[in-house]
Q: 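The structure's right below; bear with me while I get my questions together.
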Amino acid sequence: MPNKPDEADLTGTTPRRRPKPDVIEINGKKLKPSTLMMGHGFDPALSEGALKPPIFLTSTFVFENAAAGKRHFEGVTGKRPGGAEGLVYSRFNGPNQEIVEDRLGVWEDAEEALTFSSGMSAIATVLLTFVKPGDVIVHSAPLYAATETLIGRILGKFGVTWLDFPAAATKKEIEAVVEKAKAQGNVAMIYLESPANPTNVLVDVQAVSAVRDAMFEGEKPPIVIDNTFLGPLWLHPLEHGADIVVYSLTKYAGGHSDLVAGGALGSKAHMTMVRAMRNTIGTILDPHSAWMLLRSLETLELRMERAGQNAEKICTWLKDHPKVEKVVYLGFPETERQADIYNRHCSGAGSTFSLYLKGGEAEAFAFLDALKIAKLAVSLGGTETLASHPAAMTHLSVPDERKKALAIGDNMVRISIGVEDADDLIADFDQALAAI
Ligand SMILES: *Cc1c(COP(=O)(O)O)cnc(C)c1O
């Protein structure tokens, strides 16, 4: 006969169990992110011994007593620094979101991380936190199209202006733009995206940070960077002077093309401000997607490493193909300066690149339509290989002149390599090139 369960447990009279302290080091040696992804931030004892966190589908949380409720709200409203100590209401926080936030922060050694309902809601929440009417945003260009719309058209309606510098800008060129911005108004933020999409040009984050530190006294504008393309494995911008990293977790972090999510990482001081905005406007991630992201993060390093290795092999093969004009891939820097930025900032070249075919739209379309393994879709960073045509799809509304400046030609194909077998993918590209 099985043992009778402990009576006290059934009646709930045992004292509430507290989480066990996390194991984050052994013999003074910090555990690596890939190890911590399996258990960090979750104690099975708090969830009936479940090895994996359940999905907490609840809109609100029960307080132990009235005084605890008051304390929580003091934290949520900012009356007491440090945020809510417990769970309050699902627009503010939830167990699945808190676990995934703890784990996300590990990858970039960030003090705190926050999750959002999409990459764009993360970016919008961060912008709303720091920007007010009359302010100027300095940004690298080009940015993700929706981010440009948000800064230029939407914040523009509220009297915010912007000035940009090309992603490849030198320290001197960045300085000149910041100087001009300071004359225009209060510089509230320096916003970067590296590598730029679809040009794959890297921004010199170290130079931007040096310029910011030299040109502002007292309260300096935060440097915010969209790290969707290389993070969190191949680029850690906080180490190079950025203050806040934002993410579309929809891409590599989610990694299976089955969820939409966003993230923001940084110091506790910055994240406290962003959290207050998120609490107010309700841009937090939902528990189900948070739970899916927990699965994703367990294999993040495996997936990204494999995709990166595949991309290197495939780009090396494509580069010399007679029907290919050029391959714009971080592993083949086009200038010495880009090579220098790459060497100082990145530990890998990613798996998203631009393929320029000999010819124009007809040749590009023939190639895309002939692909058998790679799927025709926008987005990137998933387990499967995707291909798209920026000029006719993601960047269709970009004016012709700007398209030309960004080298978004009719012969350009954007490819995100997945974790399939590299030789199978090469065979697919080979037969699709033959079909042109
Ligand atoms: C996809 C993407 C975004 C937007 O993220 P969503 O999750 O689609 O809202 C922002 N920045 C970059 C670089 C992206 O690739």
Side-chain angles (χ1 to χ4, degrees), residues 31-38 40 100-110 113 115 119 122 144 193-198 200 202 205 225-240 242 245-263 265 289 292-316 327 329-332 342-343 345-354 373-375 377-387 414-425:
L31 298 177
K32 304 288 190 306
S34 52
T35 305
L36 291 173
M37 286 312 105
M38 269 47 101
H40 183 54
V100 82
E101 286 166 356
D102 282 352
R103 293 186 191 175
L104 193 62
V106 164
W107 289 94
E108 302 216 27
D109 218 358
T115 54
Y144 184 72
E193 192 175 310
S194 182
N197 174 30
N200 260 13
L202 289 169
V205 182
I225 180 167
D226 185 331
N227 198 28
T228 300
F229 275 82
L230 290 178
L233 201 63
W234 297 305
L235 174 60
H236 297 146
L238 299 177
E239 292 171 10
H240 303 288
V245 173
V246 291
Y247 273 104
S248 169
L249 301 173
T250 311
K251 315 294 167 57
Y252 287 97
H256 297 72
S257 309
D258 55 7
L259 63 85
V260 173
L265 288 69
S289 299
M292 287 172 64
L293 266 176
L294 286 171
R295 294 193 77 167
S296 296
L297 291 183
E298 294 186 10
T299 55
L300 181 126
E301 190 171 285
L302 279 174
R303 287 184 285 104
M304 290 184 80
E305 271 184 355
R306 167 69 172 238
Q309 285 160 6
N310 279 355
E312 187 181 359
K313 200 166 170 186
I314 291 158
C315 287
T316 304
V327 177
Y329 160 65
L330 289 180
F332 313 144
Y342 179 82
N343 290 331
H345 292 74
C346 307
S347 63
S351 82
T352 304
F353 60 91
S354 300
I373 299 173
K375 298 283 189 294
V378 297
S379 197
L380 60 123
T383 46
E384 66 288 297
T385 296
L386 299 181
R414 192 79 169 137
I415 296 175
S416 166
I417 297 291
V419 300
E420 302 95 334
D421 180 83
D423 294 328
D424 286 349
L425 289 173

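Worth knowing before you read on, the calculation uses all heavy atoms, side chains too, and leaves out hydrogens, waters and symmetry mates. What you see is a predicted model; the values in this text were computed from it and never measured.
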Q: Atom CZ of Arg103 and atom CG of Leu36: how far apart are they, to the nearest 0.5 Å?
A: 9.0 Å
Q: If I compare all heavy atoms of Gly348 with all of Trp234, which pair ends up nearest, and what's the gap?
A: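 Smallest interatomic distance, heavy atoms only, reads CA-CD1, 3.4 Å.
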Q: Take Asp109 and His236 through the test side-chain contact (heavy atoms from CB on, under 4.5 Å) and record every step on the way to the result.
A: CA-CA 9 Å; Asp109 218 358; His236 297 146; over 6 Å; no
Q: Counting only N and O atoms by type, is there a donor-acceptor contact under 3.5 Å from the side chain of Asn227 to the main-chain atoms of Leu235?
A: yes
Q: Looking only at non-hydrogen atoms, find the nearest pair between Phe332 and Val327 and report the distance.
A: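 Result for this residue pair: CD1-O, 4.1 Å.
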Q: Kindly compute the distance separating CE (Met38) from OG1 (Thr299), expressed to the nearest 0.5 Å.
A: 9.0 Å
Q: Taking all non-hydrogen atoms of both residues, which atom of Met304 and which atom of Gly231 are closest, and how far apart?
A: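 Nearest heavy atoms, Met304 then Gly231: CE-O, 3.4 Å.
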Q: Just so I know, are the side chains of Pro33 and Glu301 near enough to count as touching, which here means a heavy-atom distance under 4.5 Å?
A: no
Q: Would you say that Leu425 contacts Ile373 through its side chain, given a criterion of any heavy-atom pair below 4.5 Å between the two side chains?
A: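 When only atoms from C-beta onward are counted, Ile373 and Leu425 do touch, with a gap below 4.5 Å.
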Q: With no hydrogens and no angle check, is any side-chain donor or acceptor of Thr385 less than 3.5 Å from a backbone partner on Ala374?
A: no
Q: Within the distance-only criterion (no hydrogens, no angle test), does the side chain of Arg303 pair as donor or acceptor with the backbone N or O of Gly382 below 3.5 angstrom?
A: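 Flag not set: sc Arg303 to bb Gly382 has no pair under 3.5 Å.
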Q: Do the side chain of Asn310 and the main chain of Gly418 share a donor and acceptor less than 3.5 angstrom apart?
A: yes
Q: Who passes salt bridge (charged side-chain N to carboxylate O under 4.0 Å, His left out) against Lys313, sequence neighbours left out?
A: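 Asp423.
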Q: If you look at every heavy atom in Ile225 and Ala242, which pair is closest and at what distance?
A: CG2-CB, 3.7 Å
Q: Is there a side-chain contact between Met292 and Val100 in this structure, where contact means two heavy atoms from C-beta onward sitting under 4.5 Å apart?
A: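 Side-chain contact under 4.5 Å: no.
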Q: Assign the ring pair His345 / His240 to parallel, tilted or perpendicular, where the plane angle (0 to 90°) is split at 30° and 60°.
A: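 Aromatic pair His345/His240 classed tilted.
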Q: Taking all heavy atoms of Gly263 and all of Ala122, pick out the closest pair and write down the distance.
A: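 Where Gly263 meets Ala122 most closely, the heavy atoms are O-CB, 3.6 Å.
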Q: Please report the shortest heavy-atom distance between Gly381 and Ser416, naming the atom on each side.
A: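 Closest pair (atom of Gly381, atom of Ser416, distance): N-OG, 2.9 Å.
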Q: Within a strict 4.5 Å, meaning less than it, do heavy atoms of the Arg414 and Asn197 side chains meet?
A: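 Yes; the side chains approach each other to less than 4.5 Å.
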Q: Tell me if a side-chain donor or acceptor on Glu193 pairs with a main-chain N or O of Asp226 at a distance below 3.5 Å.
A: no
Q: Going from CZ on Arg306 to OG on Ser351, what distance comes out if it is rounded to the nearest 0.5 angstrom?
A: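 Output value for this atom pair is 12.0 Å.
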Q: Below 4.5 Å, heavy atoms only, C-beta onward: do Val245 and Leu238 meet side chain to side chain?
A: yes
Q: Counting N and O atoms only, with roles assigned by atom type, does the side chain of Thr228 sit under 3.5 Å from a partner on the main chain of Ser248, one being a donor and the other an acceptor?
A: yes
Q: Could you check whether any side-chain N or O of Ser289 sits under 3.5 Å from a backbone N or O of Leu259, counting only pairs where one atom can act as donor and the other as acceptor?
A: no
Q: Treating Thr383 as the side-chain partner and Val419 as the backbone partner, does any N or O pair qualify as donor plus acceptor under 3.5 Å?
A: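 No: the side chain of Thr383 does not pair with the backbone of Val419.
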Q: In the structure I gave you, are the side-chain heavy atoms of Tyr252 and Leu300 within less than 4.5 Å of one another anywhere?
A: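 Result no, sub-4.5 Å side-chain heavy-atom pair not found.
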Q: Rounded to the nearest 0.5 Å, what separation is found between the CD1 atom of Ile417 and the CD1 atom of Ile314?
A: 3.5 Å
Q: Within this structure, what is the OG1-CG distance for the pair Thr352 and Leu230, rounded to the nearest 0.5 Å?
A: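 Going from OG1 on Thr352 over to CG on Leu230, the span is 8.5 Å.
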Q: Just how far is it from atom OH of Tyr247 to atom CH2 of Trp107, taken to the nearest 0.5 Å?
A: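 Result: 10.0 Å between the selected atoms.
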